[in-house]
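Report on the structure given below.
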Protein chains: 2
Amino acid sequence: MRVTQQDIARLADVSQATVSRVLAGDARVEDDKRDRVLRVIKQSNYRPDVRAQALRRRRTSLVGLVLKRPDGGLKDDPFYSALISEITAVLSKSHYHLCLDVAADSSSQTGVYDELLRTRRVDGLILVEPETEDQRLHKLQDDRFPFVVIGNPRTSVMHSVDNDNVLAARIATQHLVENGYRRIGFLGGPAGVAVSEDRVTGYRMVMAEHGLTPRVWTSDFGFASASAASRPVLDSADRPDALVVLDDFMAMGVARTARQLGLALPGDLGLVSFNDSSLCELVDGGITSVNMNFEQLVQESCRKLIQIIESKVPPVPSRLVIPCALMSRGSSRRPLGVAR
Amino acid sequence: MRVTQQDIARLADVSQATVSRVLAGDARVEDDKRDRVLRVIKQSNYRPDVRAQALRRRRTSLVGLVLKRPDGGLKDDPFYSALISEITAVLSKSHYHLCLDVAADSSSQTGVYDELLRTRRVDGLILVEPETEDQRLHKLQDDRFPFVVIGNPRTSVMHSVDNDNVLAARIATQHLVENGYRRIGFLGGPAGVAVSEDRVTGYRMVMAEHGLTPRVWTSDFGFASASAASRPVLDSADRPDALVVLDDFMAMGVARTARQLGLALPGDLGLVSFNDSSLCELVDGGITSVNMNFEQLVQESCRKLIQIIESKVPPVPSRLVIPCALMSRGSSRRPLGVAR
DNA sequence: GTCGTCCGTGAATACGTATGCACGTATTCG
DNA sequence: CGAATACGTGCATACGTATTCACGGACGAC
């Protein structure tokens, strides 16, 4: 049978309330009683029942995270692994746990969120790059339910943590310009993706500053899509001499197409992408990539959420932006024959 | 304020007990009362409080999963993404959720498990490839705590689901033999890893059947380690003409080293690995890989665990083995000049 | 008509913890 | 030295749900 505070109380000859106080670290408990209680607790191997605590404290110590599941696309995206790993690491330090669900599509995603919070299963939520006009956001705000957005929430004001995507794209583009590239293009993701649009913005800024003509193409996410989408781009007369690509997976696709077309990296095509994942090492010479500092991004998100849950933060929506840094590799080196 | 069964009861002019019965689908409730209750529930947007349910039912409807975190190695391993995605998909169908933690090392992993189950936070556990003499296993069995092992538990009898790793290695090796390779080697993982050892077994069996001499090398996990470990192997006089490699990431590393040494795939070196991840498409020509049927593996694990939790299964330990299938790609094609 | 059986229902209780309240004792201050 | 204050402790209760128990009425059998 399970050991409860009642049992501890009986053995230590105190009341159950006192046991509870000892566990809560209440200072006003006589030392000898505290010692007795602590000794019995240690002997009996007692651990509080989180289910009862949750009911009484009105806290489950669980944080919810719901991920999209685009046709098994989650399967190979290392981004999610990094996300989850960091989240749990930060949460455990504050004695929280992660309750994870994966929804097939966006609407069922909303359903899962609703389920998690209305049944009081979780104390707060982390939303990853919600769509621009996401109903959830307004619902959550109306309910005053604790949550934090990872990404650019765009519309109303709320707690959020984001990469500095404009800066990242500026750094990437500037890097190519400095290495002598001029006909620089941008291969982004589907329309409506905030990350992509922010990076396009940064790209256009730098191009404009140098009097260069921006050219933007789009592609679906993933290796295969980007590989296919980049073929007409690279296989044309006025092909760009460099590309800024939305993420490493897509850059791998571009690299393969370039190789198939006989284009050398970085000689015939400069390449810079984002995320700095280990994939970048897989291509000979490596792919230059902007490290977005995911660890920090996620850490800050969790810390902020916990602060909100524990009401340690005023209900003033705050937006935090995480810096980034270029990781230079072979794919963007100065092409031969270009003077410094 | 939150809506409770008490509120529903008042509005529908019945007792709270009756509301509970209606929600539980109890047949012996008068129809008109049931209708009144259901109408009020719908109007008031009531949802039960899982915290109270957990305390009363002695069930949290949470399943625990703890992953190892080998120095950020989790970060890029798509295996974990697939694992998590499948687990949550199956669980949600049975109204369970996943409680996920990531532990830095093996001992803290034990601690996290202990925490999850002793505080009654989860109803059951999924253990992924536990080490051979894992203390957890015995503890859990002694406590009669519901759990299921993914992988080969080796020692005592318990509920487990595993890939057919011996068969997978047989298929891979046989495939290479049939394509004319003879000096076939095996590049495995660190000692003590059950998956690796089982695959070595299958490899040795086929080699013996054909009167060929087996040669086994080991390497740490990951792209970089395998790349380094394969260098002396491939850069020697009696290098193998084909390698069976423990997983796709490691195979990518081998492929890079081969490329750097000027060895052509599959002409100079045949390559077969396991998992059939999307990485296999990244190399020109593709890497032949054995698909281990992860989805099914995970699905069966979850189903079994839920059955155990809900006592729908007798406490007779069962071991289920999932089949696998070869996905042939360029890296293992019949070398030129080899007659059929 | 009486007795027994069955069924629907509400009252009461339990799950294990946290906490407001009250009581008794020890301490301090006028 | 009496009154006021502070402190440590136990009692009782609440959190929201599920379930047992008992009660009252309906119904059937004789």
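Sequence lines set the chain letters: A, B, ... in the order given, protein chains first and strands last, and positions in each chain run from 1. Keep in mind that what you see is a predicted model, and the values were worked out from it rather than measured.
One can place CG of D26(A) at 11 Å from C1' of dC7(D), the figure rounded to the nearest angstrom. Spacing between atom CG of D49(A) and atom C1' of dA18(C) amounts to 13 Å, rounded to whole angstrom units. Put simply, CZ on R59(A) is 19 Å from C1' on dG16(C), counting in whole angstrom units. The nearest whole Å value for the distance from the CZ atom in R2(B) to the C1' atom in dT17(D) is 12 Å. Between the C1' atom of dG16(D) and the CZ atom of R118(A) lies a distance of 16 Å, rounded to the nearest Å. Remark: C1' of dG8(C) and CG of D32(B) are 11 Å apart, rounded to the nearest angstrom. Remark: C1' of dT17(D) and CZ of R51(A) are 13 Å apart, rounded to the nearest angstrom. Counting to the nearest Å, the P atom of dT25(C) and the CD atom of E30(A) are 13 Å from each other.
Although no hydrogens or angles enter the test, the distance criterion places a donor-acceptor pair under 3.5 Å between the side chain of R118(A) and the main chain of N45(B). Within the 3.5 Å criterion, the main-chain N or O of V29(A) finds a donor-acceptor partner in the side chain of R34(A). Although no hydrogens or angles enter the test, the distance criterion places a donor-acceptor pair under 3.5 Å between the side chain of T60(B) and the main chain of L62(B). With K139(B) contributing its side chain and T110(B) its backbone, the two residues share no donor-acceptor pair below 3.5 Å. Remark: side-chain polar atoms of D143(A) are not paired, donor with acceptor, to backbone N or O of F145(A) under 3.5 angstrom. Within the 3.5 Å criterion, the main-chain N or O of M292(A) finds a donor-acceptor partner in the side chain of N163(A).
Between V3(A) and I8(A) the shortest heavy-atom distance is CG1-CD1, 3.9 Å.
Across all strands, V14(A) comes closer than 4.0 Å only to sugar-phosphate atoms, never to a base (heavy-atom distances).
Dashed line: the shortest gap from a side-chain N or O of K33(B) to OP1 or OP2 of dT9(C) is under 4.0 Å. Applying the 4.0 Å criterion to OP1 and OP2 of dG16(D), one finds that T4(B) has every side-chain N and O outside that range.
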Exercise for the section: Take nucleotides 18-24 of chain D nucleotide by nucleotide from the 5' end and write B, S or -, depending on whether a protein heavy atom sits under 4.0 Å from the base, only from the sugar-phosphate, or from neither. Expected result: BBB----
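Here R10(A) pairs with D7(A) in a salt bridge; the nearest charged N to carboxylate O distance falls below 4.0 Å.
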For residues 15-24 of chain A, run the donor-acceptor check on the side chains, cut-off 3.5 Å, and write out each pair with its distance to 0.1 Å, sequence neighbours left out.
unit_1	atom_1	unit_2	atom_2	d
S15(A)	OG	A17(A)	N	3.4
S15(A)	OG	T18(A)	N	3.3
S15(A)	OG	T18(A)	OG1	3.2
Q16(A)	NE2	Q5(A)	OE1	2.9

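In the helix from dG1(C)-dC30(D) to dG30(C)-dC1(D), the end axes, each obtained as the rotation axis mapping the C1' atoms of four pairs onto the next four within a five-pair block, lie 50° apart to the nearest 10 degrees.
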